[in-house]
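Order of the sequence lines fixes the chain letters, A, B, ..., with proteins taken first and strands second; residue numbering starts at 1 for each chain.
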Amino acid sequence: MKFVVAVKQVPDTAEVRIDHERGTLIRDGVPSILNPFDTYALEEALKWRDTLGGTVTVITMGPPQAEAVLTEAISMGADEGILLTDRAFAGSDTWATSHTIAEAVRKITGVDAVFCGKQAIDGDTAQTGPGIAASLDWPQVTFVGRVREMTDRSMVCERYVETGIQVLRVTLPAVITVLKDANVPRIPSLRGKMRARTFKPVAWGALDLGLTPGETGLEGSPTKVVTTATPEARAGGSIHRGTPGELASIMADLLLGREGTR
Amino acid sequence: MDYMLSEDLMAIRDICAEIAAKHIRPVRAQLDEENRFPREIMGVLAQSDLFTIYIPEAYGGTGMGSLALCVATEELSRACGGIAVSYAANALGAMPILLFGTEEQKQKFLPPLASGEKLCAFALTESEAGSDAAGIKTRAVRDGDHYVLNGTKQWITNGGEAQIYTVIAMTDPTRGARGATAFIVEEGTPGFTYGKKEDKMGIRASSTRELVFEDCRVPAENLISREGMGFMVAMKTLDNSRPGVAAQAIGIAQGALDEALVYASGRRQFGQRIDSFQGIQFMLADMATSIEAARALTYSVARMIDAGKGRFEKESAMAKVFASDVAMKVTTDAVQILGGYGYMKEYPVEKMMRDAKITQIYEGTNQIQRTVIASALIRETAAGKR
Ligand SMILES: Cc1cc2nc3c(=O)[nH]c(=O)nc-3n(C[C@H](O)[C@H](O)[C@H](O)COP(=O)(O)OP(=O)(O)OC[C@H]3O[C@@H](n4cnc5c(N)ncnc54)[C@H](O)[C@@H]3O)c2cc1C
Ligand SMILES: Cc1cc2nc3c(=O)[nH]c(=O)nc-3n(C[C@H](O)[C@H](O)[C@H](O)COP(=O)(O)OP(=O)(O)OC[C@H]3O[C@@H](n4cnc5c(N)ncnc54)[C@H](O)[C@@H]3O)c2cc1C
């Protein structure tokens with residue numbers, strides 16, 4: 001099997017402080033880490049590779065220093081690493097990022113499944129996984145809490161949603177986004193760490209992927225951030241006590257904007 | 001202190017620290033309470049290649065040597081002495097094969113140990129033969145292309161959990177120490193069963209069990225070295241493994257110091273932090289100093305072993321004696337610093353104190369180590385080497 005895991009380097013949000021005057025994050029001096037959700041995606045891919053055979057390729061898109069997350073994945077047992085880095089990629093929104101990663105998946109050829117984390121802890125959009133699927137025109141399963149089975153043709157996923165668990169069989173190739181519930185990520189191995197020390201990722205830029213400025217980077221990004229703001233604090237609620245009948249009439253008054261009848 | 005560890009050794013330490021944080025600390029008190037062997041954790045150690053480090057590359061290992069094994073054992077012991085010995089005892093069990101095994105024996109038995117698929121143990125001690133190992137009664141009698149073993153080994157670490165055992169038995173009782181022979185016995189060999197499982201004071205996550213041999217037929221090809229070489233095999237094995245016990249002791253002591261430091265900075269009495277009292281400060285300073293001294297000695301001995309030059313039984317004994325005495329003292333002091341809380345199971349230091357004690361006893365008691373050191377000194381003096 002040929003698996004790809006899309007991983008992202010993110011600031012360790014546990015260490016990020018907020019500049020209250022400007023309403024922005026203070027990222028200076030904040031260590032970068034492998035997006036925690038991506039470790040579950042990686043473990044899931046490694047686990048299935050270990051059972052079925054094949055390879056796991058990790059891909060990240062980012063500045064040259066994002067290589068660190070590929071190295072970490074190699075120390076955990078990934079076989080290959082690809083760094084998508086180019087000035088032309090700068091300013092990509094989720095649309096452009098998904099499209100760029102999808103092009104890389106196409107270029108690898110023969111990929112059976114792409115594993116993504118549920119979301120990245122810095123942006124929290126949860127859009128990149130679905131975006132890759134859309135761009136490749138592959139089926140997708142999001143919020144996967146467990147992969148029950150996998151063959152070279154399909155996999156059966158448990159999708160954890162608010163109303164319960166959906167069990168879905170999806171034909172391959174497909175894209176899934178993985179939840180924390182799926183597994184316990186392995187600890188790096190000694191051989192992995194030894195390999196990681198001399199590991200150099202393959203680096204691909206816009207030209208390698210045949211992408212034009214309109215398809216990636218700032219120009220290829222339809223999202224325009226107009227302004228960012230902290231949501232207004234909600235007004236405090238009120239607590240009422242009484243019999244169900246009393247409470248129902250209080251609720252009705254509140255909803256209808258009437259003065260209380262009590 | 002900076003011991004100029006190579007990148008590989010630092011990687012080993014980091015891996016062990018991560019395993020300790022994620023897999024060992026959360027369960028150590030429970031395993032201790034329930035006297036339960038850490039099978040899942042052995043799986044985690046295997047997946048991280050930690051069983052490869054004492055096995056040469058030719059047999060599926062990474063061939064990192066004695067210092068690497070010390071670094072790993074120390075870091076695991078820092079979290080739990082019982083789990084760490086369950087790991088380190090594999091190297092002890094494999095040592096006779098590593099040192100004296102034939103090419104065929106190495107090819108057959110070492111790869112599954114390197115992968116962690118199988119565990120290993122070393123069996124010398126019997127009920128009537130501890131320090132005086134020459135008093136063992138287990139017999140091995142040649143019968144065609146087999147040896148027939150009869151007898152009982154006692155207090156074998158990893159007993160019942162390991163699949164490969166290196167066993168010392170008498171082939172010629174009339175010759176005393178020169179009548180012993182080492183064998184490899186596999187789990188499932190007819191006539192080989194497990195006896196009593198011990199309920200111990202410390203290192204309770206580790207398994208300590210009897211091995212019972214009743215007309216157990218072991219293939220002659222499993223004989224290690226030659227008939228009559230059993231004691232030499234056992235003594236060289238222990239010379240090589242004792243720095244591992246020292247590392248275990250250092251790790252346990254370091255874990256206790258870590259706890260004492262954190263506690264002393266948070267606990268307030270008489271309106272101030274207890275680490276502001278000189279009485280506590282001096283204890284902490286002495287604990288840290290003695291640990292560092294034990295570590296420096298042990299790493300030096302391990303480096304000597306890795307360099308593969310000369311004899312080292314004296315130095316190996318020194319490291320084991322010194323580090324284990326440090327561990328007993330440091331853990332006792334850690335309990336003292338935590339006061340009444342240190343005496344309670346809610347805090348980990350009472351377990352560390354219980355775990356530390358064994359390092360003064362097994363792989364040769366500290367009294368026996370001192371006799372080893374003294375006889376080496378006397379021998380060297382007589383030979384004019386001092
Ligand atoms: C938890 C545990 C795990 C063990 N694991 C293993 C294992 O995996 N494999 C294995 O083969 N064995 C194992 N052993 C056995 C261990 O190595 C012995 O307990 C040890 O060698 C001491 O023997 P003994 O307990 O019979 O004490 P004894 O030899 O009876 O000693 C009793 C006391 O007398 C002292 N003493 C004895 N002789 C002398 C002397 N000449 N001079 C001064 N003092 C002396 C000793 O130092 C000690 O204080 C284990 C033991 C324990 C408790
Ligand atoms: C099993 C058990 C039974 C007990 N039974 C009783 C009982 O029946 N009734 C009762 O009232 N209490 C009882 N105690 C409480 C016991 O008396 C206290 O544990 C003891 O006084 C120490 O207090 P502490 O544990 O709070 O330690 P702490 O006072 O917090 O001391 C922690 C460490 O700091 C050191 N330290 C503290 N102050 C100083 C200082 N000024 N200078 C230098 N070092 C200092 C201590 O020596 C110790 O090493 C019991 C405790 C235990 C463990």
Exercise. Got A:Met194 and B:Asp49 here, is their nearest side-chain heavy-atom distance under 4.5 Å?
Worked result: no
For this session: Just grab all the salt bridge (Lys or Arg N to Asp or Glu O under 4.0 Å) pairs involving residues 71-80 of chain A, residues at least two apart or on different chains.
Result: A:Arg49-A:Asp79
For this session: Show the numbers, then the answer: is there a side-chain contact (heavy atoms from CB on, under 4.5 Å) between A:Ile187 and B:His23?
Result: CA-CA 10 Å; A:Ile187 309 257; B:His23 295 275; 3.8 Å; yes
Exercise. Would the number of heavy atoms belonging to other residues, nucleotides or ligands and lying under 6.0 Å from NZ of B:Lys236 be above 12?
Worked result: no
For this session: Heavy atoms only: give me the nearest B:Glu18-A:Pro188 pair and the separation to one decimal.
Result: OE1-CD, 3.5 Å
Seminar exercise, completed: Rounded to the nearest 0.5 angstrom, the CD1-CG distance for B:Ile53 and A:Leu190 is 7.0 Å
Exercise. If you count the non-hydrogen atoms of other residues, nucleotides and ligands that lie under 6.0 Å from NZ in A:Lys180, is the total more than 12?
Worked result: no
Seminar exercise, completed: For residues 24-48 of chain B against chain A, heavy atoms under 4.5 Å, the residues are B:Val44, B:Gln47, B:Ser48
For this session: Please examine the side chains of A:Lys193 and B:Asp8, heavy atoms only from C-beta on, and report whether any two atoms are closer than 4.5 Å.
Result: no
